[in-house]
Amino acid sequence: MIITIDGPAATGKGTISARIAEKYKLAYFDTGMVYRAVGLQMLLNGDDLENQEAALKIAQNLTFPQMIELSKHEDFRSDAGSHAASVVSSYADVRKALLAMQQNFAKNPVFADGSPAQGVIYDGRDTGTVVCPDADVKIFIDASPEVRAQRRYKDYLTKGINADYNQVLAQMIERDKRDRTRSTAPLKPAEDAIILDNSHNTVEDDVAFVSALIDEKLNNKN
Ligand code: DC
């Protein structure tokens, strides 16, 4: 079973995916990590983010264990790291270089402890369109930029990070624009994706919605 959950930032994809992965005993691949790893390595190397050749070299040499190691760095999910990831993810060659690593995961899915899993849930921007066009269940989650900025803002406050709502909203809109308008694999729902607008939902609502789709698929398979 392969499930894809795509959508813009702060739609709760990660939380929902982790809950679904646990419920259905699926391995989980947060595909934003591959771009975050390349972006962070650029920052650590002191590379100019506009240097596409440097980004490509890093992407071509990135391994799964290296990505996990980089994910422990404090800037992996910081604003600077998010910005770097967004920039490198707009480079077509970089996306191409990182595709096999994402697709190979579904051939031999494993949990974080290395034990084998029966399937995978992917989350990202293009997992239903490019990474796994043959996925069993595809979901595209969306919510208004204001709702998403409010969620991100609250996250920052909970973590004790000083933040300004208007700045968070402006960054959200800028990142959305880059993700939606890039020429390669722009953020958009797959034709056969189910769209979920969760602006007014709780996480429980979303988990129930996705579970119903998976259960329907499993019942049809049996
Ligand atoms: O989901 P995230 O915020 O961790 O993603 C980081 C960046 O990577 C974001 O700007 C979008 C990009 N991304 C992408 O282009 N394709 C994916 N499948 C996942 C993320």
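Just so it is clear, the values below take in all heavy atoms, side chains as well, and ignore hydrogens, waters and symmetry mates.
- Between Glu204 and Arg19 a salt bridge is recorded (basic side-chain N to carboxylate O distance below 4.0 Å).
- The environment of CD in Glu22 is sparse: at most 12 heavy-atom neighbours from other residues, nucleotides or ligands sit within 6.0 Å.
- A donor-acceptor pair under 3.5 Å is formed between the side chain of Asn61 and the backbone N or O of Lys57.
- Residues Asp179 and Arg125 are paired through a salt bridge, judged by an N-O separation under 4.0 Å between the basic side chain and the carboxylate.
- In this structure, Lys138 contributes its side chain and Ile3 its backbone to no donor-acceptor pair below 3.5 Å.
- For Asn162, the CG atom sits in a loose shell: 12 or fewer heavy atoms of surrounding residues, nucleotides or ligands are nearer than 6.0 Å.
- Side-chain contact check for Thr4 versus Ile121: every heavy-atom pair is 4.5 Å or farther apart.
- Of the possible donor and acceptor atoms, none in the side chain of Arg148 sits under 3.5 Å from a partner among the backbone N and O of Ala10.
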>> For Lys188 and Asp126: C-alpha separation, side-chain torsions, deciding distance, then whether salt bridge (Lys or Arg N to Asp or Glu O under 4.0 Å) applies.
In response: CA-CA 8 Å; Lys188 64 164 196 233; Asp126 65 343; over 6 Å; no

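- When the side chains of ILVMFWY residues are joined at heavy-atom separations under 4.5 Å, either directly or via intervening members, Val110 and Val131 end up in a single hydrophobic cluster.
- Among the candidates Asp205, Asn198, Asp206, the single residue satisfying the side chain to side chain donor-acceptor pair (under 3.5 Å) test with Thr202 is Asp205.
- Shortest non-hydrogen contact noted between Ser183 and Pro186 is O-CD, 4.0 Å.
- Under a 3.5 Å cut-off, the side chain of Gln167 and the backbone N or O of Ala163 do not form any donor-acceptor pair.
- The backbone N or O of Asp6 lies less than 3.5 Å from no partner atom in the side chain of Thr127, so there is not a single donor-acceptor pair.
- A donor-acceptor contact under 3.5 angstrom links the side chains of Tyr24 and Asp215, judged on distance only.
- Using modelled atom types, no side-chain atom of Asn45 and backbone atom of Asp47 make a donor-acceptor pair closer than 3.5 Å.
- Of all heavy-atom pairs spanning Arg182 and Ser90, the tightest one is CD-CA, 3.9 Å.
- Cluster membership check: Val137 does not share its hydrophobic cluster with Val130, using side-chain heavy-atom separations under 4.5 Å among Ile, Leu, Val, Met, Phe, Trp and Tyr.
- Rounding to the nearest 0.5 angstrom, the gap separating the CE atom in Met101 from the CE atom in Met33 is 8.5 Å.
- Gln66 places a side-chain N or O within 3.5 Å of a backbone atom of Thr63 that can act as its donor or acceptor partner.
- Of the possible polar contacts, one joining the Ser89 side chain to the Ala85 backbone as a donor-acceptor pair under 3.5 Å is found.
- The environment of Lys177 atom NZ is sparse: at most 12 non-hydrogen atoms of other residues, nucleotides or ligands sit within 6.0 angstrom.
- In this structure, a donor-acceptor pair under 3.5 Å is present between the side chains of Arg95 and Tyr35.
- Between the side chain of Ser78 and the main chain of Asp75, a donor-acceptor pair closer than 3.5 Å is present.
- For Asn220 and Lys217, the side-chain atoms include no donor-acceptor pair closer than 3.5 Å.
- Both Ile214 and Ile194 are assigned to one and the same hydrophobic cluster, defined by single-linkage of ILVMFWY side chains at heavy-atom distances under 4.5 Å.
- Taking the six-membered ring where tryptophan is involved, the planes of Phe29 and Phe64 are perpendicular, since the angle between them exceeds 60° and thus also 30°.
- Inspection of the Tyr156 and Asp79 side chains reveals an N or O donor paired with an N or O acceptor under 3.5 Å.
- For the pair Arg180 and Asp142, the salt-bridge criterion is met [side-chain N within less than 4.0 Å of a carboxylate O].
- Here the two rings, on Tyr28 and Tyr122, have centers that are 6.0 Å apart or farther.
- A donor-acceptor pair under 3.5 Å is formed between the side chain of Ser17 and the backbone N or O of Lys13.
- Cluster note: Phe111 groups with no other residue, as no ILVMFWY side-chain heavy atom lies under 4.5 Å from it.
- Hydrophobic cluster membership differs between Met172 and Tyr153, with clusters built from Ile, Leu, Val, Met, Phe, Trp and Tyr side chains linked at under 4.5 angstrom.
- Under the 4.5 angstrom side-chain criterion for Ile, Leu, Val, Met, Phe, Trp and Tyr, the cluster partners of Leu187 are Phe140, Ile195.
- Between atom CD1 of residue Ile5 and atom OG1 of residue Thr11 there is a gap of 9.0 Å, rounded to the nearest 0.5 Å.
- The shortest distance between side-chain heavy atoms of Leu44 and His73 falls below 4.5 Å.
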>> Assess the residue pair Glu174 and Arg178 against the criterion (salt bridge (Lys or Arg N to Asp or Glu O under 4.0 Å)); give the C-alpha distance rounded to whole Å, side-chain angles, the decisive distance to 0.1 Å, and a yes or no.
In response: CA-CA 6 Å; Glu174 183 206 324; Arg178 195 179 299 117; 2.7 Å; yes

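- Contact check on Arg36 versus Asp30 returns no salt bridge, with no Lys/Arg side-chain nitrogen under 4.0 Å from an Asp/Glu carboxylate oxygen.
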